[in-house]
Protein chains: 2
Amino acid sequence: MSVDEERRSTRVKRLPREVRERQILDAAVRVFSQYGYHNASMDEISEVAGVSKPMIYAYLGHKEDLFAACIRREATMLMEAIAAGVTTEQAPDMQLWHGLRAFFQFVGEQKQSWRVLHRQATSQGGPFSEELLAMRSRAINLVDALLVRSATTRGEAPAKSTEALAAALVGASESLADWWLDHPEVSDKTVASWLMNLVWMGFGDLVTGTVWTPTPE
Amino acid sequence: MSVDEERRSTRVKRLPREVRERQILDAAVRVFSQYGYHNASMDEISEVAGVSKPMIYAYLGHKEDLFAACIRREATMLMEAIAAGVTTEQAPDMQLWHGLRAFFQFVGEQKQSWRVLHRQATSQGGPFSEELLAMRSRAINLVDALLVRSATTRGEAPAKSTEALAAALVGASESLADWWLDHPEVSDKTVASWLMNLVWMGFGDLVTGTVWTPTPE
DNA sequence: CTCCTTACCTACTCTTCAGTAGGCTACGGA
DNA sequence: TCCGTAGCCTACTGAAGAGTAGGTAAGGAG
């Protein structure tokens, strides 16, 4: 059996476009998350995906398009995971709690997705980060709305600062998620509860020993 | 007068190495902060600096070295600015308050420095980010120590979570600083006080209307 | 005046990699 | 059985940009 014959026989069969696109995106997320956007080469992605480079261009377009597609897919998954845990009927603190839990659970399960979202997309000033910045804004708006609602239901005028604080909270979550990647011995629930206590009760209470606990469902 | 003669006559005189190095670093910070590490070219940096490319290589070494030098210089300035405002004699909340104020003041005054530190260095997985990660760790350790001290002086065992919370706070500060870049109408003091209230009092107090205020010095 | 060091430049090389041209083959329908 | 389309590849081009070779010249020391 010649080399050519062997290669032909062991080559995976022709697959429908859908499947290939998934394979390519999976590979791209892996490679981007490992090397970063610029150091990731289309050649390596095609190799990991098990297809040739022109296939990528045919199906997903240029490098930037491919990256944007990765971001879009992973960010959508993240947002959906969070949305699944939160309903507007819950009290504000419970909404935040479930949101945080869902977030850390996602990060714990999809470390690569998280890396490509956070570490890569944030930085590059190029046209791709827009996709990611938009998602981040959505997250901030979500938290902002939560804060505004919880203030107004108590009859107060919403503070000017809610949007800024929402941004701070999102940043805190991201940073804590990064810390967590280096300390995997802690459970996702524990990490979430730390942050919950910080933002809901403040350091002041860390010092005095008061803690927030979720009310039983 | 020929072109050559004009060029020669308008050319800035020979300058000592020190001065050139400063010019080059200034240019590098500007260009890196605008385009990001990868999209910044040595040619452009040399042009902005007003020297030729080989000068950069002679004085500051390769691209990575140059970038690391930028990070080191800017990060050192930031840490010194923060350290200048904080003394260990102050109460924990005042230490945090002054640290935050110094931080936001620095960001407000040195936007480019901040961009190159935060947006660029965090992301690239290369050998340079180590410089930055080290600085970030120092900041986290500083906050961690603050939390541990404030807990132990109250006779409590320090919680396991202080390091994680310190990371969260640093992330919140970074994220809030980014938000602030897009909302320059707010004063640095105001932004600092928002974050201070968040971390010291929690959202719970935002909702109930309690606020932390610095005790008069 | 000569020599040597230090400042400084032009004009390359060489590599890496995004993106493409052009074609081959499996397979379903007419 | 012939044809069209969709899956798939090898083998290239072209540009950008990091890094360098090999110089010129200013100016101080002797």
Side-chain angles (χ1 to χ4, degrees), chain A residues 2-25 27-28 31-32 34-70 120 124 126-128, chain B residues 2-25 27-28 31-32 34-70 120 124 126-128:
Chain A
S2 81
V3 174
D4 263 5
E5 275 172 315
E6 196 200 342
R7 201 196 267 153
R8 212 179 310 140
S9 65
T10 53
R11 174 131 66 214
V12 182
K13 301 182 72 158
R14 298 173 157 228
L15 294 171
R17 178 167 180 153
E18 258 184 75
V19 179
R20 287 296 190 202
E21 282 189 359
R22 267 229 337 273
Q23 289 179 347
I24 293 170
L25 281 175
V31 176
F32 281 136
Q34 186 171 359
Y35 298 108
Y37 177 78
H38 280 284
N39 295 318
S41 76
M42 296 297 271
D43 285 292
E44 171 136 15
I45 293 172
S46 75
E47 203 174 314
V48 171
V51 300
S52 70
K53 210 164 33 145
M55 292 294 301
I56 301 182
Y57 283 88
Y59 286 168
L60 277 312
H62 291 198
K63 194 180 184 185
E64 285 183 359
D65 304 326
L66 176 60
F67 189 71
C70 290
Q120 302 315 323
Q124 330 291 345
F128 17 82
Chain B
S2 80
V3 174
D4 264 6
E5 277 171 313
E6 197 203 341
R7 200 194 268 151
R8 210 179 309 138
S9 64
T10 53
R11 173 131 69 215
V12 183
K13 300 182 70 160
R14 298 178 154 224
L15 295 171
R17 177 168 181 152
E18 258 183 74
V19 178
R20 288 296 190 202
E21 284 189 355
R22 267 231 334 276
Q23 290 179 346
I24 294 170
L25 281 177
V31 176
F32 281 137
Q34 185 171 359
Y35 299 107
Y37 177 78
H38 280 282
N39 294 318
S41 77
M42 295 298 269
D43 284 292
E44 171 136 13
I45 292 171
S46 75
E47 203 174 314
V48 171
V51 300
S52 70
K53 212 162 35 144
M55 291 294 300
I56 301 182
Y57 283 89
Y59 286 168
L60 277 311
H62 291 198
K63 192 179 183 185
E64 285 182 359
D65 303 326
L66 176 60
F67 189 72
C70 291
Q120 303 317 319
Q124 329 292 345
F128 17 83

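Computed from a predicted structure; not experimentally measured. Each chain gets a letter, A, B and so on, in the order the sequences are listed, and its residues count up from 1.
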In whole Å, what is the span from the CD atom of A:E21 to the P atom of D:dC8? 11 Å
Whole-Å distance separating the CD1 atom of A:I56 from the P atom of C:dC17: 14 Å
Ignoring backbone atoms, test whether A:R17 places a side-chain nitrogen or oxygen under 4.0 Å from the OP1 or OP2 oxygen of D:dG7. no
Nearest whole angstrom, please: distance from the C1' of C:dT25 to the CG of A:L15. 15 Å
Atom CD of A:E47 to atom C1' of C:dC17: distance rounded to whole Å? 14 Å
I'd like to check the ring-ring contact (aromatic ring centres under 6.0 Å, His included) partners of A:Y57; sequence neighbours left out, ordered by chain and number. A:H62
Who pairs with A:R17 by salt bridge (charged side-chain N to carboxylate O under 4.0 Å, His left out), at least two apart in sequence or on another chain? A:E21
List in chain and number order the residues that pass salt bridge (charged side-chain N to carboxylate O under 4.0 Å, His left out) with B:D43, two or more places apart in sequence or in another chain; answer none if no residue qualifies. B:K53
Residues passing the side-chain contact (heavy atoms from CB on, under 4.5 Å) test with B:E44, sequence neighbours excluded, are B:V31, B:Y35, B:S41, B:V48
Take atom CZ of A:R14 and atom P of C:dC24, then tell me their distance rounded to the nearest Å. 13 Å
Separation of A:M55 atom CE from D:dT10 atom P, in whole Å? 12 Å
With sequence neighbours left out, what residues match B:E47 under side-chain contact (heavy atoms from CB on, under 4.5 Å)? none
Please report the distance, rounded to the nearest Å, between CG in A:L60 and P in C:dG19. 13 Å
With under 30° as parallel and over 60° as perpendicular, where do the rings of A:F67 and A:Y37 fit, or are they tilted in between? perpendicular
Check this one for me: any side-chain N or O of A:Y59 less than 4.0 Å away from OP1 or OP2 of D:dA6? no
Between protein and nucleic acid, restricted to nucleotides 16-19 of chain D and to nitrogen or oxygen atoms under 3.5 Å apart, what atom pairs and distances do you find?
from: D:dA18; atom 1: OP1; to: B:A40; atom 2: O; distance (Å): 3.4
from: D:dA18; atom 1: OP1; to: B:K63; atom 2: NZ; distance (Å): 3.1
from: D:dA18; atom 1: OP2; to: B:M42; atom 2: N; distance (Å): 2.8
from: D:dG19; atom 1: OP2; to: B:Y57; atom 2: OH; distance (Å): 3.2
from: D:dG19; atom 1: OP2; to: B:K63; atom 2: N; distance (Å): 3.1
from: D:dG19; atom 1: N7; to: B:K53; atom 2: NZ; distance (Å): 2.8
from: D:dG19; atom 1: O6; to: B:K53; atom 2: NZ; distance (Å): 2.7

